[in-house]
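Accompanying notes for the structure given below.
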Amino acid sequence: MINSLGLEQAAEPIARRRPLRWALLAFGWLLLLAGIAGVGLHYSPWVWEPAVLAASFASYLMAGALAAIVLLGLARQWASTAVAVLVSAAALWSQGPMLWPDGSAPPGTDLVVMQSNLELGRGSAEAVVRTAREDGVEVLTLEELTPDLLDRLDAAGLAELFPYRFAAPSGNSGQGTGIFSRYPLTDGVKFDGFWLNNLRATMIHPGRGPVSVFAFHPIPPLLNTGVWSSELARLRAHLDETTGLAVAGGDFNSTYDHAAFRALISGRYADSAELLGVGALPTWPNDRSWGPVIGIDRILIAEGHATALRSVTIPNTDHRAVIARLRL
């Protein structure tokens with residue numbers, strides 16, 4: 001027989017463990033709900049500002065489901081743990097294309113492309129030119145290009161490094177954009193109807209002939225989510241107008257977790273980060289101690305692959321530049 005003292009001694013540890021299990025259950029479900037929200041935002045087509053902005057961080061929310069597996073398992077809540085496993089599987093499925101490389105690049109001709117947003121013309125001209133020279137960049141796309149910055153870039157040696165250009169600088173709220181190339185550029189077009197300057201030109205590559213080059217800068221969703229969504233859809237239409245080899249650099253003001261951005265790469269264009277499976281490659285904000293946290297500066301390619309990709313800090317701008325080695 002077990003005496004009353006023995007029962008009391010056995011009940012004490014159980015009573016102490018109960019609050020811990022409740023705490024694990026509560027925190028586990030909070031994290032699980034965050035994961036569910038992240039998956040939902042990834043697939044959501046909503047053009048509602050809070051949802052669009054939250055979707056920028058969907059992958060971070062999804063990580064909550066993975067942590068929830070541990071906490072709910074420790075709480076021995078097996079049904080809840082099973083739900084967390086299912087949500088985590090959905091999260092990993094949604095992020096899989098960015099985490100798994102699309103094979104290796106076939107033999108071909110390499111083209112080095114650099115993309116940089118220079119924050120209202122404040123970015124370091126010297127750093128842009130130095131980085132482009134050291135990395136052997138052949139095509140450069142710039143956003144928030146002002147006339148003063150263009151003068152500083154030329155003074156730093158941009159014109160010698162890239163003798164061909166199609167640029168639409170502006171001193172108006174980051175509107176300016178430019179395409180710079182080591183090879184001849186023809187047929188420059190500034191697309192009408194956009195808040196910021198979005199450009200296309202044809203580069204005549206010495207080994208591969210004509211290559212369409214785009215420099216994109218749709219507006220941030222914070223300004224107007226309806227216009228943001230419309231601009232991304234129209235940029236997709238402009239991409240689809242071209243045939244043959246093409247590259248596009250830009251500050252897309254959207255991440256892989258935005259359905260509107262994924263639509264851009266649902267046809268013949270691919271994101272270099274996705275091709276290489278390097279993940280989000282965060283580029284913004286780079287002027288905060290806790291940044292960058294989201295990847296909005298991207299380089300796309302049609303009818304090609306990517307062999308290398310990296311980001312680099314340019315002083316005095318809130319964006320990291322992106323440099324891709326593409327295989328044409």
Side-chain angles (χ1 to χ4, degrees), residues 13-103 221 225 228-229 232-233 236 252-267 269-284 290-296 298 300 309:
I14 295 174
R16 286 196 299 268
R17 287 197 297 268
R18 189 171 295 145
L20 176 60
R21 285 187 178 177
W22 278 110
L24 290 171
L25 178 62
F27 283 114
W29 263 100
L30 284 174
L31 291 169
L32 178 54
L33 290 173
I36 292 171
V39 173
L41 289 166
H42 174 88
Y43 290 106
S44 171
W46 290 351
V47 186
W48 179 49
E49 184 176 305
V52 169
L53 297 179
S56 302
F57 305 94
S59 58
Y60 293 99
L61 294 172
M62 291 182 206
L66 296 171
I69 294 175
V70 177
L71 296 184
L72 295 172
L74 289 173
R76 298 185 180 182
Q77 299 296 314
W78 307 123
S80 296
T81 302
V83 174
V85 169
L86 290 174
V87 175
S88 296
L92 291 172
W93 179 265
S94 74
Q95 301 299 305
M98 293 297 292
L99 302 173
W100 192 263
D102 291 10
T225 51
W228 166 83
S229 176
L232 285 170
R236 163 67 192 270
F252 287 88
N253 276 314
S254 54
T255 73
Y256 182 76
D257 287 310
H258 287 110
F261 176 77
R262 294 197 303 279
L264 281 173
I265 56 175
S266 63
Y269 286 82
D271 182 358
S272 53
E274 180 191 7
L275 289 170
L276 292 168
V278 299
L281 193 69
T283 61
W284 184 89
W290 43 267
V293 294
I294 59 175
I296 59 178
R298 325 298 293 177
L300 313 183
L309 180 69

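Given the structure is predicted, the values throughout are model-derived calculations rather than measurements.
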Fill in the blank from the handout: Looking only at heavy atoms, the pair that brings V83 and W29 closest together is CG1-CH2, 4.5 Å
Practice task
Starting at OH of Y43, measure out to CG of D257 and round the result to the nearest 0.5 Å.
Solution key: 9.5 Å
Problem - Test item: T81 side-chain N/O and Q77 main-chain N/O as donor-acceptor pair under 3.5 Å - result: yes
Fill in the blank from the handout: Rounded to the nearest 0.5 Å, the CG atom of L264 sits from the CG atom of L232 at a distance of 5.5 Å
Practice task
Just jot down the side chain to side chain donor-acceptor pair (under 3.5 Å) partners of W228, sequence neighbours excluded, or say none.
Solution key: none
Handout entry: I265 CD1 to S272 OG distance, which is reported to the nearest 0.5 Å
Key = 10.0 Å
Exercise for the section: Report yes or no: does S88 contribute a side-chain atom to a donor-acceptor pair with the main-chain N or O of A65 at less than 3.5 Å? Expected result: yes
Fill in the blank from the handout: Taking every heavy atom of L300 against every heavy atom of D271, the minimum-distance pair comes out as CD2-CA, 3.7 Å
Problem - Non-hydrogen atoms of P101 and L99 that approach each other most closely - result: CD-O, 3.9 Å
Fill in the blank from the handout: Rounded to the nearest 0.5 angstrom, the CD1-CG distance for I69 and L32 is 9.0 Å
Exercise for the section: Might you point out which heavy atoms bring S59 and Q95 nearest each other, and give the distance in Å? Expected result: CB-OE1, 3.9 Å
Handout entry: Test item: I296 and F252 side chains (from C-beta on) under 4.5 Å apart, heavy atoms
Key = no
Handout entry: Sub-4.5 Å side-chain heavy-atom contact between F57 and T255
Key = no
Exercise for the section: Look up atom CG in L24 and atom OG in S80, then write down how far apart they are to the nearest 0.5 Å. Expected result: 12.0 Å
Problem - Spacing of L275 atom CG and M98 atom CE [to the nearest 0.5 Å] - result: 9.5 Å
Practice task
Could you check if a side-chain atom of T283 sits within less than 4.5 angstrom of a side-chain atom of R298, using non-hydrogen atoms only?
Solution key: no
Exercise for the section: Kindly give the heavy-atom pair with the smallest separation between P97 and E274, and that separation in Å. Expected result: O-CG, 3.2 Å
Exercise for the section: Search all heavy atoms of S44 against all heavy atoms of A259 and return the closest pair with its distance. Expected result: O-CB, 3.9 Å
Problem - V52 backbone acceptor or donor facing H258 side chain under 3.5 Å - result: yes
Exercise for the section: Would you check if the side chain of R262 reaches a backbone N or O of Y256 as a donor-acceptor pair within less than 3.5 Å? Expected result: yes
